Amino acid sequence: MSKPTIVPEDLSLPSIANIKADETMFGHFIDWLGKIAVNLVVAAIILVVTFWAAGWLAGVAKRALGRVHRTNPDPTLESFVSSLVRYAMVAIGLVAVLQQLGVQATSIIAVLGAASLAIGLALQGALSNVAAGVMILLFRPYRVGDVIETATRQGTVKSLDLLFTEISTPDNVKVMIPNSKVFGDVILNYSTHRTRRADVLFKVPLKTDLVLVLQKMRERAENDPRVRKEPAPMIEVTDLSEVFAQAAIRVWTAKEDFGPVKTDLMLAAHLWAEDPTRELPPPRKSNAPDPSPSMPGDKDHHLFRLKAPRKGRKSGPSSPQSPPKAG
């Protein structure tokens, strides 16, 4: 028969209370991890919904402005407002995500208020771009679709948002220019006026009949349907030397025909300077949508426009009364 095992007196056994405490702490940890996982999932869902809603609301705002300005569409305003709506929705969504993760909105406002100076200094470039974008939208130095030259870049304006102006260069390169650089630089807008003046300088050797060359250049300009009759084409001799005479012809044409007309006159001057009797093909037709000879007026480039007065037959203080009919 075996003897019972003697338990040492200094042996300490875990108490039931400690075991229960450990189990309780482990349970709380599991619950905390579950809450964190749920909050992360909800925050991710909020973030996805925010970006989707931002794009959807931006499209809704753009379409709504398109319906409001159906007769006179304004792509510049549509692009800017849709960008503003998108950024505003993203900001609201980010605040909601932070609240879901346990960061209170009051704490966010307090932190932003305390760090406003540092944030302002860090974001002064972005804020200046936003301010410049608002000024561009108000004063309209250019619109979407205009051909401009600014910040050593030339191209067609594709969009205007809060921070950048997107242009497409003639060789189809996308260029993003900060609004502050555009607004703070010289802006050349080639699309504002309906007409442009094409100046062509050419040289005629002294052995060639200068008078005949000038006469043929004037006739070609006057017979070109792309050249405006008013103001009339102007031709002049600008310089004389022992070898050649330098002349210039200046004609007004529609902005769509500026390049072809200038090329045609340069080629004609080059060929006639060598042989004034040479026969050239007739000028091409106009590419302008409205090739009328009337001079254009300035476009309305401001956001707030005054309605044109209605034409009525009522006599007012500024319009004289109609003479009475003879009885």
Side-chain angles (χ1 to χ4, degrees), residues 51 54-56 58-59 61-63 65-66 69-70 72-87 90 125-126 128-130 132-200 224 226-227 251-267 270 283-291 296 298-301 303:
F51 283 104
W56 180 74
K62 188 173 183 179
R63 290 190 295 269
L65 287 175
H69 301 88
R70 184 174 300 175
N72 187 19
D74 192 348
T76 307
L77 181 61
E78 295 174 8
S79 174
F80 187 87
V81 171
S82 63
S83 174
L84 180 62
V85 171
R86 182 182 296 108
Y87 285 124
V90 170
S128 63
N129 289 333
V130 173
V134 173
M135 298 300 290
I136 292 172
L137 184 66
L138 290 176
F139 293 101
R140 301 297 179 91
Y142 55 84
R143 296 169 178 263
V144 172
D146 287 353
V147 179
I148 66 171
E149 181 179 352
T150 182
T152 67
R153 296 289 182 178
Q154 179 179 349
T156 304
V157 180
K158 293 299 182 181
S159 66
L160 168 67
D161 59 18
L162 283 177
L163 301 176
F164 296 96
T165 294
E166 178 186 346
I167 67 173
S168 177
T169 59
D171 54 346
N172 201 25
V173 176
K174 177 181 177 181
V175 180
M176 304 294 292
I177 307 177
N179 290 333
S180 58
K181 286 191 175 182
V182 178
F183 193 70
D185 200 356
V186 177
I187 302 174
L188 303 180
N189 193 330
Y190 298 104
S191 302
T192 300
H193 303 292
R194 289 174 51 199
T195 57
R196 293 182 61 187
R197 193 182 75 176
D199 298 344
V200 176
D224 193 335
R226 301 169 296 182
V227 175
V251 298
W252 285 89
T253 181
K255 61 184 179 183
E256 293 84 1
D257 296 326
F258 174 81
V261 168
K262 188 171 183 178
T263 302
D264 181 86
L265 292 176
M266 291 175 63
L267 181 60
H270 173 71
R284 297 181 179 180
K285 296 182 179 180
S286 175
N287 295 325
D290 180 19
D298 293 338
K299 287 183 179 179
D300 189 3
H301 296 285
L303 177 62

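All residue numbers in this chain count up from 1 along the given sequence. Basis for what follows: all heavy atoms, side chains included, without hydrogens, waters or symmetry-related copies. Since the model is a prediction, treat every value here as computed from it, not as a measurement.
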Exercise for the section: Quick one: pull up CG in D161 and CD in E166 and give me the separation to the nearest 0.5 Å. Expected result: 8.5 Å

Practice task
Quick one: closest heavy-atom pair of K255 and S191, and the distance?
Solution key: NZ-O, 2.9 Å

Fill in the blank from the handout: Value for OG1 (T253) from CG (L265), rounded to nearest 0.5 Å, stands at 9.5 Å

Handout entry: Point-to-point distance, once rounded to the nearest 0.5 Å, from CD1 of I148 to CZ of R143
Key = 13.5 Å

Exercise for the section: Return yes if some donor-acceptor pair links the side-chain N/O of N189 with the main-chain N/O of P141 below 3.5 Å, else return no. Expected result: yes

Problem - Nearest heavy-atom neighbours spanning S286 and D257 - result: OG-OD2, 2.5 Å

Handout entry: Atom pair OH/CZ of Y142 and F183 - distance to nearest 0.5 Å
Key = 9.5 Å

Practice task
Using modelled atom types only, decide if a donor and an acceptor are shared between the side chain of R140 and the backbone of L137 within a distance under 3.5 Å.
Solution key: yes

Exercise for the section: Decide side-chain contact (heavy atoms from CB on, under 4.5 Å) for D264 and R226; before the verdict, give the C-alpha distance in whole Å, the side-chain angles of both, and the deciding distance to 0.1 Å. Expected result: CA-CA 11 Å; D264 181 86; R226 301 169 296 182; 3.8 Å; yes

Exercise for the section: Look at the side chain of S180 and the backbone N and O of A132, then say whether any donor-acceptor pair between them is shorter than 3.5 Å. Expected result: no

Problem - From K262 atom NZ to R196 atom CZ, the distance as rounded to the nearest 0.5 Å - result: 8.0 Å

Practice task
Locate the shortest heavy-atom distance separating V85 from A61; write the atom from each residue and the value.
Solution key: CG2-CB, 4.1 Å

Practice task
Locate the shortest heavy-atom distance separating Y190 from Q154; write the atom from each residue and the value.
Solution key: CE1-NE2, 3.9 Å

Practice task
Please round to the nearest 0.5 Å and tell me the distance separating atom CD1 of I167 and atom OG1 of T156.
Solution key: 8.5 Å

Exercise for the section: For side-chain contact (heavy atoms from CB on, under 4.5 Å), just list the numbers for N179 and L160, CA-CA rounded to whole Å, side-chain angles, deciding distance to a tenth of an Å, and then say yes or no. Expected result: CA-CA 8 Å; N179 290 333; L160 168 67; 3.5 Å; yes

